[in-house]
Student: 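Below: one structure in structure tokens.
Lettering of chains follows the sequences in order, A, B, ..., and the numbering in each one begins at 1. In this text, all values refer to a predicted model and were calculated from it rather than measured experimentally.
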Amino acid sequence: MSEQSAHRDDKGEQSAHRALGLTDHEFDLICEKMGREPNGVELAMFSLLWSEHCAYKHSRKLLRNLPTEGPRVVMGPGENAGAVDIGNGYSVAFKVESHNHPSAVEPFQGAATGVGGILRDVIALGARPIAILDSLRFGEPDTERTHYLVDGVVRGIGHYGNCMGIPTVGGEIYFEPPYEQNPLVNAMCVGLARTDEMVRAAAAGAGNKVVLFGSLTGRDGIGGASVLASAELDEGDDAKRPTVQIGDPFEESKLLECCQELLAEELLVSLQDLGAAGLTSSAGEMASAGNTGIDIDVGLVPLREADMEPFEIMVSESQERMLAVVEPSKVEAVLALCTKWQTASAVIGEVTDSGTFRILKHGETVGEIRVDDLVDGCPLYDLDPEEPAGWTYPNRVMIEDEATPSDITLSLLSSPSIASKRWAFEQYDSIVGSRSVHRAGAADAAVLNIPESGRAIAISIDGNGRRVACDPFQGTIEATLECAANLAVVGAEPLGVTNCLNFGNPEKPGVAWQLGRSVEGLAEACRALDAPVVGGNVSLYNETPQGPIYPTPVVGMVGELPDPDKIAGENWREGDAVALLGPFDPSLAGSELEKQRGELGKGLPSREIGPVKAAIELVRDAVRSGAVRTATDVSDGGISTALAELSISSSIGFEGELSALIARRDCSEDDALFGEGPGGFIIAGDAAVLEKLGGQGVDFELIGEVGGNELILEAGNSRVEILVEEAAAAFDSLEDRIESDQAGLTH
Amino acid sequence: MIQARVLIRPKEGILDAQGKAVEGALPALGFDGIEHVRVGRIVELRAESADRLEELCEKLLANPLIEDYEIETIAE
Amino acid sequence: MIQARVLIRPKEGILDAQGKAVEGALPALGFDGIEHVRVGRIVELRAESADRLEELCEKLLANPLIEDYEIETIAE
Amino acid sequence: MKWGVLQFPGSCDERDALNACLIAEASLGGGGSDSGSRLVWHEETDLSGLDGIVVPGGFSYGDYLRAGAIARFSPAMTAVAEFAADGGPVLGICNGFQVLCESGLLPGALLTNERTRFICRQGDLIVGDANSPFLSELEPGQKISIPFKHQSGRFFAPPELLEEIESNNQVAFRYAPGHNPNGSLNDIAGVTNRAGNVLGLMPHPEHAVEEFAGSTDGLGLFRGPALAGAEA
Ligand SMILES: Nc1ncnc2c1ncn2[C@@H]1O[C@H](COP(=O)(O)OP(=O)(O)O)[C@@H](O)[C@H]1O
Ligand SMILES: [Mg+2]
């Protein structure tokens, strides 16, 4: 295949580049840069590295506006993961990544390999992964397809993390119709490393050897590029071309230990994981970052199937593989350690000073591309944004007109997006590693003990796509603020942010507008919070003939706290006073209730970040001082839902009223009870202690008292009155809705 | 060389959780009239001889306390 | 009624993590000369007819993307 | 006491278990980082100098085939069998329990959970009436809170064997009423060998040894052998 050209005038391969996703313009550009037409191997490599996924061609310009610097930043965007300093010589590395499409095709393996992939990004920095979080989006859980996807994805995520011995400590799941055909599976990994032992991915030192280790290379994930295969191979051979990647956490766990030992023994110059586009992207990016050239001999790559073509070897996405640059004198020791950990390894090439990426097969050149052309040559596109005139997503009525405030509260609690996700999270090992700080019923932010630094870290992940669909700018600000609010409740202060931008087709003006406004919102919120964005991922083209998904920026935030013994939870006590704190100005726009009423529309009220930030800081300080032991932020479902959740988690009721809020905000009763928006905290405790939080420049009012077995909440003439038991039953109803027709067959 | 196929099944009388899960899923998927579902493992391998296959099963492939096994071989 | 036996195996070319781990462990257990270990599942069931078994495999028992299946039936 | 904690390819909780051993030692006035407690690589065969062994949780060899099936053949397990035969205390946790059952050091087997799913939850256990150094600090009937997390934790033994386990007082722990997560026979969460020096359980006492974890009820198991030794 290598000898043939991929000329577009050549009849048989006329549209090879198009079938591979390259435009005619891009193909011409490649020819121009190379001074000739690429052969098949080269074309396959270009098509992948110039893909949206690898080249960020529609998003890179936007991402440049994100704040990425700060005193605690150790590694920012551009590395395999971002990292921030947590003191005492330690850093935490973290990143969130999507595996949406593979999970739509094969939910178990798709989710499992999504976790495996993000773990390797963190492992590649020399960090030991200490936590996983997941952010999932599905359609409403009332179809066989959604049940199948939820079951497979949750099992897949659990399977990988559980087998690896890395705790899955948090996450979120939303169920919304636009995700029905295009679920989102985002996974975040946090790792811990000694700052001075972290490695970068850049290849260095001409003459150094390139070592591939881990799983054998097979035909996994050769998706788009199989077009080349069918052009080359006989008809009917397609069955030999699996595209589904299979995860093997056992292999990855050996790989992790092996990498840790290789680095501890100082045997590596640099390290890189193999992810999308396999060897092509990892070797290419290593050479690009190090301003070197690189030679790879596909004849030296340990294969699972003997008869693989050079292009297949170069683009295979077989999982659980790493690439290292090693000084010649240390190669033997590296291979010996790989043997100790029962993982395959081989020297497959060499770093050169040629500036070119040469592909050889048993010493004979089969492809040759300038590293710059391959890695940085892809044109970056400007978007062509246009704000859509109205609400472009469907509306469905899910609640009766005559529902009383009590009915509404129960309906919100049992809404799949709000209901307890215990069913899912109990399938995850959340305690392995002995760092997880246990707080009964608490879910706002995960807290991990870091004795190495003498502190703890908190992690939150958030992204309500529905609100972003209403208003991409405000919605993304809110997602970021919510992460910070979740951290505040455990006394943590933001250190850094990662994000995954899940959007539809950016070539459509409406989606382009969503993407642009969302990134602006992220940038604005991160700047205001002094929380630099140290990494992330972009997943575009999330749409089906039914339309695009909700624009879904998933924000992951890592913070630090001085004392894991002083964090607020969701357990209140009989007789506690309860207060509403913060500039919360509730509105039904974009709320869960508006969704249930089928009345969603464009726009969210804009809110200033400053006062929200002040409330976040006040809560954080109060929690740190030990004054507040019960706190939560007001989120989906509004105040009635927040109070109900607190009642449920401690099995004690509440009685109170919201007249002060209604007067202050001049809002409706529904707004007060069920409205959403940023900047609201519910805190509980000793009245005298709470009152000290008033009069500090942050809106504050006592709203009631803990006690009894009912949740009673008055707002003007509206009254919610439900038994805590009833609320708990509604809140625990997700399992019954999900687990109806799945089989729970273990793979 | 021989080609061997080892079938390993949960012993009669032991609750087969996976088999039960399959049975539980059938009605929702619209399958009637299916019963006695048992899920086991199949291990296929090539061996130089059949001599030690029994031992391999006893020691590794099956746990005689909870599983029965059956060996089928084809000489090649 | 018929008695059916469904053999489900990882597709050729698809990573068989189990088979690989078992094969890797054999030499240490003192078993030599064994290769090409593949681990799959076997599902046995009784059904009123064989009509919809194919569909059952596609929908529930096997994952056609990554697994091949084979149905053997015995009328009773 | 010097503990050895086995490490197989795919072990997950071995550092946690070692940590628990060190905390227990420290609580008894010994230990420290130079206590001599250490990880034992699965290829090691020399356990001399060690006073107790933990076969930890995790997914040894990926749990492929059956949980614990491959790990039992490691050289270190041969050494552990000798160590146990000489009366040394051996604690198997979760996957380690499965390994000990597979290798015949403990009676019974562990099957896939009744609901086939992995489950991770804090639960209550009732201490059984087994006579074991690991239980020396615990009273029969005492309730303790220990997390469990597993997919194959359903304890099974054929009727005669079960009867034998019960009549020989080999039950170390039962799930408290309503807390049996997996369908284990007789709510059995952990058993000992006849002599009592080998104990296996599905729940994870090593994840209940520090305040921040929400319970320290697991510490007793790790303190037990040293205390029993002191009494002897
Ligand atoms: N939304 C984003 N925000 C910030 N950084 C991003 C974003 N998306 C991608 N990046 C950065 O761009 C680089 C390339 O990302 P990616 O191709 O996903 O890396 P990898 O190949 O290592 O998985 C990474 O350093 C990543 O952190
Ligand atoms: Mg990477």
Student: Does Leu60(C) reach the side chain of Leu26(B), with side-chain heavy atoms less than 4.5 Å apart?
Tutor: yes
Student: Before you tell me yes or no, could you show the steps for Glu23(B) and Arg46(C) under salt bridge (Lys or Arg N to Asp or Glu O under 4.0 Å), namely the whole-Å CA-CA distance, both residues' side-chain angles and the distance that decides it to 0.1 Å?
Tutor: CA-CA 11 Å; Glu23(B) 279 181 19; Arg46(C) 287 164 55 82; over 6 Å; no
Student: With side chains defined as the heavy atoms from C-beta onward, is the minimum distance between Asp32(C) and Glu48(B) less than 4.5 Å?
Tutor: no
Student: Give, for atom CZ of Phe31(B) and atom CG of Asp51(C), the distance between the pair rounded to the nearest 0.5 Å.
Tutor: 11.5 Å
Student: What are the two closest heavy atoms between Leu29(B) and Arg52(C), and how far apart are they?
Tutor: O-NH2, 4.3 Å
Student: Check each atom of Leu56(B) against the heavy atoms of chain C and say whether the ones under 4.5 Å are side chain, backbone, both or neither.
Tutor: both
Student: Sort out for me which of Ile2(C), Val37(C), Val6(C) touches chain B most, counting heavy-atom pairs under 4.5 Å.
Tutor: Val37(C)
Student: Quick one: pull up CG in Leu45(B) and CD in Glu35(C) and give me the separation to the nearest 0.5 Å.
Tutor: 9.5 Å
Student: Sort Val22(C) into side chain, backbone, both or neither according to what part of it lies under 4.5 angstrom from a heavy atom of chain B.
Tutor: side chain
Student: If you look at every heavy atom in Ile8(C) and Ile42(B), which pair is closest and at what distance?
Tutor: O-CG2, 4.2 Å
Student: Which value, rounded to the nearest 0.5 Å, describes the distance between Glu44(B) atom CD and Arg38(C) atom CZ?
Tutor: 8.5 Å
Student: Relative to chain C, which segment of Glu55(B) carries a heavy atom at a distance below 4.5 Å: side chain, backbone, both, or neither?
Tutor: both
Student: Who wins among Lys59(B), Met1(B), Arg9(B) for the most heavy-atom pairs under 4.5 Å with chain C?
Tutor: Arg9(B)
